[in-house]
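I have placed the structure first, in the form of C-alpha cells, so that the comments after it can refer back to it.
Here is the naming used below: chain letters follow the sequence lines, and residue numbers restart at 1 for every chain.
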Number of protein chains: 2
Amino acid sequence: MGRWEPDAQGRLRGAALELYAHQGFEQTTVAEIAARAGVTERTFFRYFADKREVLFAGSEQLQVETLAALAAAPASSSAIEAVAFGIERAVSVLADREYSRQRSKVIAANPSLQERELLKLAGLGAAMSAALQQRGVPPLTARLAAEAGVSVFTSAFDRWTADGESRTSVELVRESFAELRTVTAGL
Amino acid sequence: MGRWEPDAQGRLRGAALELYAHQGFEQTTVAEIAARAGVTERTFFRYFADKREVLFAGSEQLQVETLAALAAAPASSSAIEAVAFGIERAVSVLADREYSRQRSKVIAANPSLQERELLKLAGLGAAMSAALQQRGVPPLTARLAAEAGVSVFTSAFDRWTADGESRTSVELVRESFAELRTVTAGL
DNA sequence: GCTGCTGATGTCAGTTGCTGTCATCACTCT
DNA sequence: AGAGTGATGACAGCAACTGACATCAGCAGC
C-alpha cells in the first residue's frame with residue numbers, strides 16, 4: 001500500500017481551500033490545485049468526484065455521528081426530541097471554528113458551492129427522516145421534524161461562525177430550537 | 001423584434017423536458033435539445049444560463065407571487081402566519097399537476113438537478129426571511145419561520161404530485177402546517 | 001536478492017458544458 | 001430602397017470530467 005508521498009488527499013484539500021479562498025472558486029483550475037499538491041489532474045478526480053466535492057470531505061462522518069446520536073435517543077423521546085439529540089451531537093463534531101469560518105466564506109461566495117452544501121444538508125435531513133420512520137414515526141411527521149432540525153442546525157452553525165459570537169455551538173442550537181418552538185406557536 | 005420562428009424559448013423548454021424524461025438528463029446533450037428546437041447550441045445558452053436552468057424557468061414568478069402574498073398579509077399576523085399566506089399563494093400558482101409530476105420525476109432522478117432545485121428553494125426562503133425582517137421580525141425568527149414555510153411547501157407539493165392523491169394543494173399545505181405545529185409542540 | 005503481484009499514479013485522447021467574438025440574417029422604420 | 005436593431009449562426013477555445021492503458025513503488029514469496 002505504499003505511496004510516493006503520503007496523504008495526497010489531505011494535500012489536495014488544503015491546496016484547494018487555499019486557492020479557493022485566495023483567488024476564488026471559479027478562478028481556480030483543478031490543474032492548479034493538483035500542481036500545488038504535487039499530483040496530476042487525473043489524481044484529483046480519483047479522490048474527489050468533482051471540483052466542488054473537495055470542500056465536503058467530512059460530511060459523511062457528520063451524518064454518521066448525527067444518526068448514531070439520534071438512534072441513541074431514549075425510546076420515550078418525541079420525534080423532534082430525537083432530532084435534537086442528533087443535532088446537538090452534529091454541531092459538537094465541528095471542532096475548528098476558524099477552519100469552519102474560512103470554509104463558509106468560500107461557500108457563501110459561490111452559488112454552485114451553495115448548491116452542493118444544500119444537497120448535503122438535504123441528504124442529512126432525508127437520513128434523519130428515514131431513521132425516525134424506523135422508530136415508528138409517520139412519514140410526514142418524520143420529514144417535518146428532520147427538516148426543522150436541519151434549519152436549526154444551519155441557523156446555529158451560521159451564528160457560531162459569525163464574528164463576535166462567544167457562545168458555544170450547543171448553546172446556539174438550544175436557542176434556535178427554543179425560537180423554533182416560539183415561531184410555530186404563532187400558528 | 002422579429003424572429004425566424006416564434007417562441008424559441010418555449011420550444012427549448014419542451015424539447016429539454018421530453019429528452020430528459022425519455023433518455024435521462026446526463027444522456028441528453030445540449031446540442032440535441034437545440035436541434036430538436038430548431039436552433040443552435042449557442043442560442044440555448046442565450047436563453048438559459050446552463051443545461052439545468054431550462055427546467056426552472058418559472059421559479060422567479062413563483063417567488064414574486066409568494067412575496068406579494070406575504071406582503072399582503074394583515075399587519076397583525078405573526079411571522080409564521082404571514083409565511084402561511086405566502087405559501088398558500090405559491091402552491092396555488094402551480095396549476096398543471098401532470099406537468100409538475102413529470103418535472104419532479106426528472107429532477108428526482110438526478111442529483112445535480114436536485115441541487116438546483118434546493119438552491120431555488122433556499123432563495124425563496126431567504127427572500128421570505130428578508131420580507132419578514134422588513135416587517136420588523138428579528139433575524140433568527142424570520143429565518144426559522146421562512147425555512148419552516150419552505151419545508152411545508154415542499155412536503156405539500158410532493159404529496160400533491162404523488163399518485164392517488166386527490167386533495168387540493170391548499171388542503172395539503174394546511175395539513176402540513178398543522179403537522180408542523182404538532183411536531184414542534186413535542187419539544 | 002530476485003521476481004511477481006498489487007494498488008496508486010501518470011499519460012493521453014476524447015467528449016461535453018459553456019463562453020467570447022464576429023458575421024449575418026430577418027424585420028422595422030423612415 | 002436603405003439604414004438600423006436585435007436575434008441568430010458560425011467558429012474558436014477553455015476547462016471540467018472520463019476511459020483506457022502504461023508505469024512505478026513497495027510488498028510477499030521464493
Side-chain angles (χ1 to χ4, degrees), chain A residues 1-57 106-107 109-117 119-120, chain B residues 1-57 106-107 109-117 119-120:
Chain A
M1 284 236 240
R3 294 185 181 104
W4 286 253
E5 303 287 336
D7 197 24
Q9 175 159 352
R11 274 176 297 147
L12 284 167
R13 288 215 294 160
L17 182 58
E18 283 175 30
L19 289 170
Y20 291 170
H22 183 262
Q23 63 190 27
F25 173 75
E26 295 188 343
Q27 286 67 43
T28 303
T29 183
V30 174
E32 277 182 280
I33 301 170
R36 174 172 288 221
V39 296
T40 61
E41 194 178 346
R42 192 68 185 83
T43 295
F44 177 94
F45 288 108
R46 282 197 248 262
Y47 282 106
F48 305 102
D50 58 52
K51 189 185 170 186
R52 287 168 273 168
E53 198 66 19
V54 65
L55 286 179
F56 300 88
V106 170
I107 292 174
N110 191 281
S112 88
L113 291 173
Q114 295 170 40
E115 289 187 340
R116 181 56 50 86
E117 176 150 88
L119 188 69
K120 299 290 185 186
Chain B
M1 284 237 237
R3 295 182 180 106
W4 286 254
E5 303 287 336
D7 198 23
Q9 175 159 352
R11 276 177 295 145
L12 284 167
R13 286 215 296 161
L17 183 58
E18 283 175 30
L19 290 170
Y20 291 170
H22 182 262
Q23 63 190 28
F25 173 76
E26 296 188 342
Q27 285 68 42
T28 303
T29 183
V30 175
E32 277 182 279
I33 302 170
R36 174 173 288 222
V39 296
T40 60
E41 194 178 345
R42 191 68 184 86
T43 296
F44 177 95
F45 288 109
R46 287 196 175 99
Y47 283 105
F48 306 102
D50 58 53
K51 190 185 169 187
R52 287 168 273 168
E53 197 66 18
V54 65
L55 286 179
F56 300 88
V106 170
I107 293 174
N110 191 281
S112 88
L113 291 173
Q114 296 169 39
E115 289 187 339
R116 180 58 49 86
E117 176 150 88
L119 188 68
K120 299 288 187 187

Interatomic distance, [X] [atom1] vs [N] [atom2] [rounded to whole Å]:
{"X": "A:Leu12", "N": "D:dA16", "atom1": "CG", "atom2": "P", "value": "14 Å"}
{"X": "A:Asp7", "N": "C:dT9", "atom1": "CG", "atom2": "P", "value": "11 Å"}
{"X": "A:Phe44", "N": "C:dT11", "atom1": "CZ", "atom2": "C1'", "value": "19 Å"}
{"X": "A:Phe25", "N": "D:dA16", "atom1": "CZ", "atom2": "P", "value": "8 Å"}
{"X": "A:Leu19", "N": "D:dA15", "atom1": "CG", "atom2": "C1'", "value": "16 Å"}
{"X": "B:Glu26", "N": "D:dG19", "atom1": "CD", "atom2": "P", "value": "11 Å"}
{"X": "B:Glu41", "N": "D:dA10", "atom1": "CD", "atom2": "P", "value": "12 Å"}

**Item:** First of A:Arg46 and B:Val39 reached from the 5' end of DNA chain D, by closest nucleotide
**Value:** B:Val39
Any idea which of [options] is nearest the [X] side chain?
{"X": "A:Tyr47", "options": "D:dT8, C:dA8, D:dA16", "value": "C:dA8"}
{"X": "A:Arg42", "options": "D:dG19, D:dA16, C:dG20", "value": "D:dG19"}
{"X": "B:Phe45", "options": "C:dT19, C:dG10, D:dG9", "value": "C:dT19"}

**Asked** Between B:Arg52 and A:Glu115, does at least one N-O distance fall below 4.0 Å, as a salt bridge requires?
**Response** yes
Tell me if a side-chain donor or acceptor on [X] pairs with a main-chain N or O of [Y] at a distance below 3.5 Å.
{"X": "A:Lys51", "Y": "A:Thr28", "result": "yes"}
{"X": "B:Glu53", "Y": "B:Asp50", "result": "no"}
{"X": "A:Glu32", "Y": "A:Thr29", "result": "yes"}

**Request:** Describe the nucleic acid contact of B:Ala49 in one word from base, sugar-phosphate, nothing, applying a heavy-atom distance below 4.0 Å.
**Result:** sugar-phosphate
**Message:** Applying a 4.0 Å non-hydrogen cut-off, can you work out what B:Thr28 is touching in the nucleic acid: base, sugar-phosphate, or nothing?
**Reply:** sugar-phosphate
**Prompt:** Is there a side-chain contact (heavy atoms from CB on, under 4.5 Å) between B:Gln27 and B:Tyr20 once you walk through the steps?
**Reply:** CA-CA 8 Å; B:Gln27 285 68 42; B:Tyr20 291 170; over 6 Å; no
**Message:** Measuring to OP1 and OP2 of D:dG9, would you say a side-chain N or O of B:Thr43 lies under 4.0 angstrom away?
**Reply:** yes
**Message:** Below the 4.0 Å mark, does D:dC14 have OP1 or OP2 next to a side-chain nitrogen or oxygen of A:Thr29?
**Reply:** no
